[in-house]
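The sequence lines fix the lettering, A, B, ..., with proteins before strands; numbering per chain opens at 1.
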Amino acid sequence: MPVRTLRGFRDLLPNYLEDFRWVESRARAVFERAGYREVLTPTVEPFELYEEKEGEQIEESMFVFEDKAGRRVALRPEFTASLARLFAFMGGEFKLPVKWYYVGNVFRYDEPQRMRYREFWQAGAELMGASTPESDAEIMSLAWNTLRDVGLGEGALIRLNNVGIVKSMLEAWGVSGEMQSRVLTWMDKLGKVERSEVERGLAELLGEERGSRLMGLVDVEGEDPSELEPVLRGFEGSVEALKNLEEVYDAARAVGMRVRLTPFLVRGLAYYTGTVFEAFVEDIPYALGGGGRYDGLVAEYGGPPTPATGLSLGLDRIVDAVREKGVRVKRERSGVFVAVVSDDLRRRAFVLVESLRAAGIRADLDLRGGRSLSKQAEYADRTGWRYVIFLGPKEVERGVYVVKDLESWEQLEVPEGGLLDFLRAGLD
RNA sequence: GCCGGGGUGGGGCAGCCUGGCAGCCUGGGGGCCUGUGGAGCCCCAGACCCGGGUUCAAAUCCCGGCCCCGGCCCCA
């Protein structure tokens with residue numbers, strides 16, 4: 001009975017994982033250089049952790065089930081809620097600001113599509129207890145620098161907005177929770193559907209005048225943020241948010257990021273209160289990462305009121321982009337494969353291999369047995385070994401090893417006592 | 001939820017319209033090679049998603065089902 005992976009889940013194979021771990025390590029290095037330290041939270045969380053900050057409909061896109069005690073539990077769909085929860089409980093023990101990062105798998109019950117899986121990998125960071133513009137800019141820089149360090153810096157672009165601008169307008173109009181997120185959803189559609197369609201949608205929700213006022217926001221895409229000012233006249237909170245947007249924008253530009261103001265960018269999450277951003281790379285049609293400021297979340301989980309900002313990177317998508325763009329991680333040959341002329345030397349080869357391994361050198365031999373020397377050499381070549389040692393009666397008798405370098409295709413004799421030094425020199 | 005494209009050896013495909021011995025590439029095992037030449041030549045193993053129907057005959061035509069991929073919606 002053949003059994004395969006569940007829909008939307010994948011097996012990750014060595015060639016893929018090699019690239020994946022490389023990207024992951026670059027992200028970790030970026031985070032650590034900025035002073036972030038790793039935390040790990042549970043894969044399974046109480047459903048309420050996610051319920052509180054979104055409507056009920058998010059349950060559809062999550063793995064939710066009952067455990068044996070009848071509790072409603074969920075596979076984590078993201079990390080931010082967990083870290084905010086963690087901070088709410090433990091934050092008092094740490095000097096502020098707290099800087100945490102994570103790497104892990106997350107789960108979403110969506111219909112799988114290109115680069116959309118039901119289990120995928122995120123690396124991200126949260127900065128809690130700081131609200132300066134530089135805090136947001138630093139979080140953005142983590143995305144920017146990761147893309148740069150995996151070779152995607154060329155066409156990288158950060159789209160930036162501040163949801164406080166539009167949220168303040170809506171609040172001034174008395175537009176409430178459910179209605180608010182419907183408005184935001186429409187705005188988010190800009191760039192995906194016809195402008196006139198969005199206009200119609202907003203007018204339906206808010207009326208002609210207010211709708212067109214909102215549309216006035218989007219026209220300054222990419223321009224100087226101060227151009228938004230006239231549009232916002234009369235909305236106190238919006239003006240403040242705009243000022244913050246300008247400062248974050250300037251801070252990000254000051255450290256060399258390519259940033260584009262995108263007033264219709266609102267992101268799906270309801271918990272964002274200020275800065276929001278997404279990271280893109282030219283020719284890749286979806287965001288490789290994103291994040292923003294969520295100043296209310298920690299308090300919602302019972303912690304002290306705490307300003308916070310964070311990001312997450314879609315590792316799978318970045319790996320895909322790296323491959324797509326041909327930045328390609330180079331695979332290097334390594335280690336030693338010991339090939340034997342005849343089966344009766346296998347024990348001797350095994351002893352040699354184990355001693356090499358003990359000395360810290362990657363080594364292997366043909367464990368199938370009964371294979372010609374040419375087959376063993378071919379195997380060593382095709383599976384990426386750097387050296388082949390040909391072990392036969394002649395070598396044993398003379399106390400030497402015949403070592404072939406599969407990179408240069410050169411071959412030479414090394415005396416038994418000199419093997420370790422020779423290999424170490426070559427493999428380093 | 002809606003709309004497309006597909007299910008044929010391990011992977012990727014052709015064959016289907018026009019029913020008649022199931023083919024190619026790659027990967028796997030082996031030989032040429034009685035001691036290694038990244039190659040070449042040769043050999044071997046391995047498949048028509050499931051269930052009905054039509055037919056002398058079904059991978060091919062018809063009906064039903066299941067599954068996969070992609071697009072839309074959504075996307076924490």
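Considering only residues two or more places apart in sequence or on other chains, A:Arg346 meets the salt bridge (Lys or Arg N to Asp or Glu O under 4.0 Å) condition with A:Asp343. In this view, A:Phe120 satisfies the ring pair (Phe, Tyr, Trp, His ring centres under 6.0 Å) rule with no residue, not counting sequence neighbours. Annotation: side chain to side chain contact (heavy atoms under 4.5 Å, CB included) contacts of A:Arg386 (sequence neighbours excluded): A:Arg333, A:Asp405, A:Glu407, A:Leu427. Residues passing the ring pair (Phe, Tyr, Trp, His ring centres under 6.0 Å) test with A:Tyr379, sequence neighbours excluded: A:Phe337. With sequence neighbours left out, A:Phe422 forms a ring pair (Phe, Tyr, Trp, His ring centres under 6.0 Å) with A:Tyr387.
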Q. If you write RNA chain B from 5' to 3' in dot-bracket form, with Watson-Crick or G-U pairs under 3.5 Å, [ ] for crossing pairs and | for pairs with another strand, what do you get?
A. (((((((..((((......[..)))).(((((.......)))))....(((((..]....))))))))))))....
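Geometrically, A:Arg72 engages A:Phe47 in a cation-pi contact, judged by NZ or CZ lying under 6.0 Å from the ring centre and within 45° of the ring axis.
Contacts classified as side chain to side chain donor-acceptor pair (under 3.5 Å) and involving residues 389-402 of chain A (residues at least two apart or in different chains) are given here: A:Arg398-A:Glu413. Note on residues 303-312 of chain A: no pairs pass salt bridge (Lys or Arg N to Asp or Glu O under 4.0 Å), not counting sequence neighbours.
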Within the sub-3.5 Å range, which N or O atoms of nucleotides 33-37 of chain B have a protein N or O partner, and how far apart are they?
residue, atom, partner, partner atom, Å
B:G35, O6, A:Lys394, N, 3.1
B:G35, N1, A:Glu395, OE1, 2.9
B:G35, N1, A:Glu395, OE2, 2.9
B:G35, N2, A:Glu395, OE2, 2.8
B:U36, O2, A:Gln411, OE1, 3.1
B:U36, N3, A:Gln411, OE1, 2.9
B:U36, N3, A:Gln411, NE2, 3.0
B:U36, O4, A:Gln411, NE2, 2.9

Q. Just by protein heavy atoms under 4.0 Å, how would nucleotides 66-74 of chain B read 5' to 3' in B, S and -?
A. -SSSSSBBB
Which side-chain N or O atoms in residues 309-322 of chain A pair as donor and acceptor under 3.5 Å with protein atoms at least two apart or in another chain?
residue, atom, partner, partner atom, Å
A:Thr309, OG1, A:Asp136, OD1, 2.8
A:Thr309, OG1, A:Gly292, O, 3.4
A:Asp316, OD1, A:Trp121, N, 2.7
A:Asp316, OD2, A:Arg10, NH1, 3.3
A:Asp316, OD2, A:Arg10, NH2, 2.7
A:Arg317, NE, A:Met115, O, 3.2
A:Arg317, NH1, A:Ala287, O, 3.1
A:Arg317, NH2, A:Met115, O, 3.3
A:Asp320, OD2, A:Arg114, NH2, 3.4
A:Asp320, OD2, A:Tyr286, OH, 3.3

Ignoring hydrogens and angles, write down the donor-acceptor pairs under 3.5 Å from the side chains of residues 363-372 of chain A, residues two or more places apart or on other chains.
residue, atom, partner, partner atom, Å
A:Asp364, OD1, A:Arg357, NH2, 3.4
A:Asp366, OD1, A:Arg368, N, 3.2
A:Asp366, OD1, A:Arg371, NH2, 3.4
A:Asp366, OD2, A:Gly369, N, 3.3
A:Ser372, OG, A:Ser374, OG, 3.0
A:Ser372, OG, A:Lys375, N, 3.2

